**Student:** 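Let me give you the structure first, and then I'll get to my questions.
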Amino acid sequence: MAIQKIDVAYTAVATAENGRDGRVSSDDGQLDVVVNPPKALGGSGAGTNPEQLFAAGYSACFQGALGVVARQENADISGSTVTASVGIGKNEAGGFGLEVAITASIPNVDRATAQALVEKAHQVCPYSSATSGNIEVGLAVA
């Protein structure tokens, strides 16, 4: 797949020190967190981890995409939430890979409308575009 050229409106910058067992901070000081491997991966679990940070970013971005789609469709998504679950494990190549499950709760629309909105948001969300063809992303409506 060819890389799409975009008109960049904003660039986030973050720096990691000591990888999965250190610190991650943004250049503007808004993010400054200790990272440690989770207990499930043999770490202390004392800090956050890259998978939690990815889940936080993906869920926020997807919620934003859902808002864009809802405005286009005149749908009421007030009170909605989006949860991203990010799993990490060994892949077939002997390295590690990720999988994502997106679950949206949209209380003010029927289930069919909610599902259609989620599928359209998946086409709009930059995180979904970035992961397309790279990792499995499941979509569900709660």
Side-chain angles (χ1 to χ4, degrees), residues 1-73 75-109 111-142:
M1 179 195 301
I3 295 174
Q4 283 187 316
K5 298 290 183 183
I6 62 170
D7 183 14
V8 176
Y10 168 75
T11 300
V13 179
T15 302
E17 300 171 24
N18 210 31
R20 286 184 160 272
D21 207 2
R23 174 177 252 35
V24 175
S25 59
S26 61
D27 65 335
D28 64 2
Q30 294 299 310
L31 178 71
D32 189 355
V33 295
V34 171
V35 290
N36 297 115
K39 289 182 180 182
L41 295 179
S44 69
T48 190
N49 58 68
E51 293 71 38
Q52 287 176 332
L53 295 170
F54 186 67
Y58 204 156
S59 63
C61 188
F62 200 95
Q63 179 78 43
L66 188 61
V68 167
V69 169
R71 283 188 294 282
Q72 292 170 346
E73 302 286 324
D76 180 8
I77 65 160
S78 59
S80 66
T81 60
V82 173
T83 301
S85 301
V86 175
I88 184 172
K90 292 201 174 194
N91 63 23
E92 296 130 1
F96 288 87
L98 300 174
E99 67 178 17
V100 176
I102 300 286
T103 304
S105 173
I106 311 172
N108 295 324
V109 299
R111 188 169 193 78
T113 300
Q115 187 67 41
L117 290 170
V118 166
E119 289 172 12
K120 288 176 183 175
H122 190 49
Q123 299 305 312
V124 173
C125 177
Y127 274 61
S128 293
S129 294
T131 60
S132 180
N134 297 311
I135 65 174
E136 185 175 329
V137 177
L139 302 174
V141 173

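Below, each value reflects all heavy atoms present in this structure, side chains not excepted, and no hydrogens, waters or symmetry copies. Given the structure is predicted, the values throughout are model-derived calculations rather than measurements.
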**Student:** Please report the shortest heavy-atom distance between A84 and I102, naming the atom on each side.
**Tutor:**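 So the minimum-distance heavy-atom pair works out to CB-CD1, 3.8 Å.
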**Student:** Minimum heavy-atom separation for T103 to A142, with atom names?
**Tutor:**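 Nearest heavy atoms, T103 then A142: CG2-CB, 3.8 Å.
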**Student:** Return the CD to SG distance between Q63 and C125, rounded to the nearest 0.5 Å.
**Tutor:**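 So the CD of Q63 and the SG of C125 are separated by 10.5 Å.
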**Student:** Once you measure the plane-to-plane angle for Y58 and F54, does it fall in the parallel (<30°), tilted (30-60°) or perpendicular (>60°) bin?
**Tutor:**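 Rings of Y58 and F54: perpendicular, over 60°.
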**Student:** What's the spacing between T113 OG1 and N108 CG if we round to 0.5 Å?
**Tutor:**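 Reported value, rounded in 0.5 Å steps: 11.5 Å.
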**Student:** Roughly how far, to the nearest 0.5 Å, is the CG atom of L98 from the CD atom of E136?
**Tutor:**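 Rounded to the nearest 0.5 Å, the CD-CG separation comes to 12.0 Å.
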**Student:** Which heavy atom in N36 sits nearest to a heavy atom in G45, and how many Å separate them?
**Tutor:**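 Nearest heavy atoms, N36 then G45: CB-N, 4.3 Å.
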**Student:** Does the side chain of V69 come within less than 4.5 Å of I77's, by heavy atoms?
**Tutor:**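 They are not in side-chain contact.
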**Student:** May I ask you to decide if S128's main-chain N or O and S132's side chain share a donor-acceptor pair within less than 3.5 Å?
**Tutor:**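 A pair under 3.5 Å: no.
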**Student:** Can you see which heavy atom on R111 is nearest to which on V141, and at what distance?
**Tutor:**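 Reported closest heavy-atom pair: NH2-O, 2.9 Å.
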**Student:** Drop me the distance from E99's CD to N91's CG, to the nearest 0.5 angstrom.
**Tutor:**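 Result: 12.0 Å between the selected atoms.
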**Student:** Using modelled atom types and a 3.5 Å cut-off, is there a donor and acceptor pairing between side-chain atoms of S26 and backbone atoms of Q30?
**Tutor:**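 Here the side-chain-to-backbone pair exists.
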**Student:** Flag the pair Q72 / K120 as yes when at least one side-chain heavy-atom distance between them is below 4.5 Å, and no otherwise.
**Tutor:**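 Not touching, per the 4.5 Å side-chain cut-off.
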**Student:** For the pair L66 and L117, evaluate side-chain contact (heavy atoms from CB on, under 4.5 Å) and give the outcome as yes or no after the intermediate values.
**Tutor:** CA-CA 7 Å; L66 188 61; L117 290 170; 3.8 Å; yes
**Student:** Taking the side chain from N49 and the backbone from P38, do they hold a donor-acceptor pair closer than 3.5 Å?
**Tutor:**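 Checked: no pair found.
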**Student:** Kindly give the heavy-atom pair with the smallest separation between P126 and C61, and that separation in Å.
**Tutor:**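 Smallest heavy-atom distance, with atoms named: CD-SG, 3.3 Å.
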**Student:** Hey, could you give me the NE2/OG distance between H122 and S129, rounded to the nearest 0.5 Å?
**Tutor:**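 Rounded to the nearest 0.5 Å, the NE2-OG separation comes out at 8.5 Å.
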**Student:** Between E119 and Q123, does a side chain to side chain donor-acceptor pair (under 3.5 Å) hold up when you go through it step by step?
**Tutor:** CA-CA 7 Å; E119 289 172 12; Q123 299 305 312; over 6 Å; no
**Student:** Locate the shortest heavy-atom distance separating S59 from A56; write the atom from each residue and the value.
**Tutor:**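 That would be OG-O, 3.1 Å.
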